[in-house]
Amino acid sequence: MNRKRRITLAVVFTIVAAFAVGTTTEVLRDALLFRWQVQEGDEFLFSVEVIGYSIAGGSIIAPPFASMNDTIIHSEIASLPNISIFMRLTDFADEIVKFAKTDSRFENGSAIPVQHYNQINNLVSRCLLPVGNWALLDAFYPDEPEPAQNTTEYETYIGTDSGAVFRIGFERFSENQASGWHGVVDKKTGVPHRLELWGWSNISPYLYAYNVTLILRGQASIT
């Protein structure tokens, strides 16, 4: 079944179910829509692993994000976006995924280096999701990138429902550079338990490839 058909069927099912009930009850809201299971003030710890390489002027140097390797990140939910009762799926990325939800630092309270802060904090923030109609979200996003005809370049969100977890991410690819991120999210809580940030470039004179992995170590209560 192609993705357009899956989207159509998922949307039609949602609309039919809503009109069949006639009123928006809490049961219907839980079944069809999205809601936050996390709340502002929740805190999480993530261990960080960095692998990769960099070559500059013919010399091998440390990869991007090397200073983050073997550290523990503490992320706190600072704000959560409101969710409309019948929010369009086309707005999900802008209003939910991209919304700045977290503040992050090292477990010992020190600041993440400024050159890495936005990418690390955004990775956690973008992978915190509301729970709800995962089937509709799965239908809306492709499981894998789908380049336009006659090109290998693309820029796209991806999403896959995999039973107890949902995989969400974003990838950007061109002939000489690529980058992306993704998170494996617990469908009961909306909390990611594995997150990855990656990129590579073969544009001289600076060549690099890196993969940053964050693993959830649990909730935290740090003052």
Single-linkage hydrophobic cluster V124~F106, side-chain heavy atoms < 4.5 angstrom: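 Same cluster.
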Can you give each donor-acceptor pair under 3.5 Å made by side-chain atoms of residues 159-166, sequence neighbours left out, with the distance rounded to 0.1 Å?
unit_1 : atom_1 : unit_2 : atom_2 : d
D161   : OD1    : G163   : N      : 3.4
D161   : OD1    : K187   : NZ     : 2.8
D161   : OD2    : K187   : NZ     : 3.4

Is any side-chain heavy atom of [Y] closer than 4.5 Å to one of [X]?
| X | Y | value |
| --- | --- | --- |
| L45 | I73 | no |
| S125 | K98 | no |
| L207 | S201 | no |
| I215 | T213 | yes |
| P63 | I51 | no |
| P130 | R35 | no |
| W134 | D138 | no |
| T189 | V131 | no |

Parallel, tilted or perpendicular: which one describes the rings of [X] and [Y], with boundaries at 30° and 60°?
| X | Y | result |
| --- | --- | --- |
| Y157 | Y141 | tilted |
| F34 | F92 | tilted |
| F170 | W181 | parallel |

Does anything in residues 195-210 pair up under salt bridge (Lys or Arg N to Asp or Glu O under 4.0 Å), and if so which pairs, sequence neighbours excluded?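 Every salt bridge (Lys or Arg N to Asp or Glu O under 4.0 Å) pair that includes a residue of residues 195-210, provided the two are not neighbours, is R194-E196.
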Check whether any side-chain N or O of [X] sits under 3.5 Å from a backbone N or O of [Y] as a donor-acceptor pair, and report yes or no.
| X | Y | result |
| --- | --- | --- |
| D42 | V38 | no |
| N211 | G52 | no |
| W36 | P81 | yes |

Among all residues two or more places apart in sequence or in another chain, which pass the side-chain contact (heavy atoms from CB on, under 4.5 Å) test with S59? none
Crowding at CD1, I203 (>12 non-hydrogen neighbours, <6.0 Å):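 Yes, CD1 of I203 has more than 12 neighbouring heavy atoms, counting only those of other groups under 6.0 Å.
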Do other residues, nucleotides or ligands put more than 12 heavy atoms under 6.0 Å from Q115 CD?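 Yes.
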Provide the closest heavy-atom pair for C127 versus V185 in the form atom of the first, atom of the second, distance. O-CG2, 3.3 Å
Kindly say whether the aromatic ring centers of Y53 and Y210 come within a distance under 6.0 Å. no
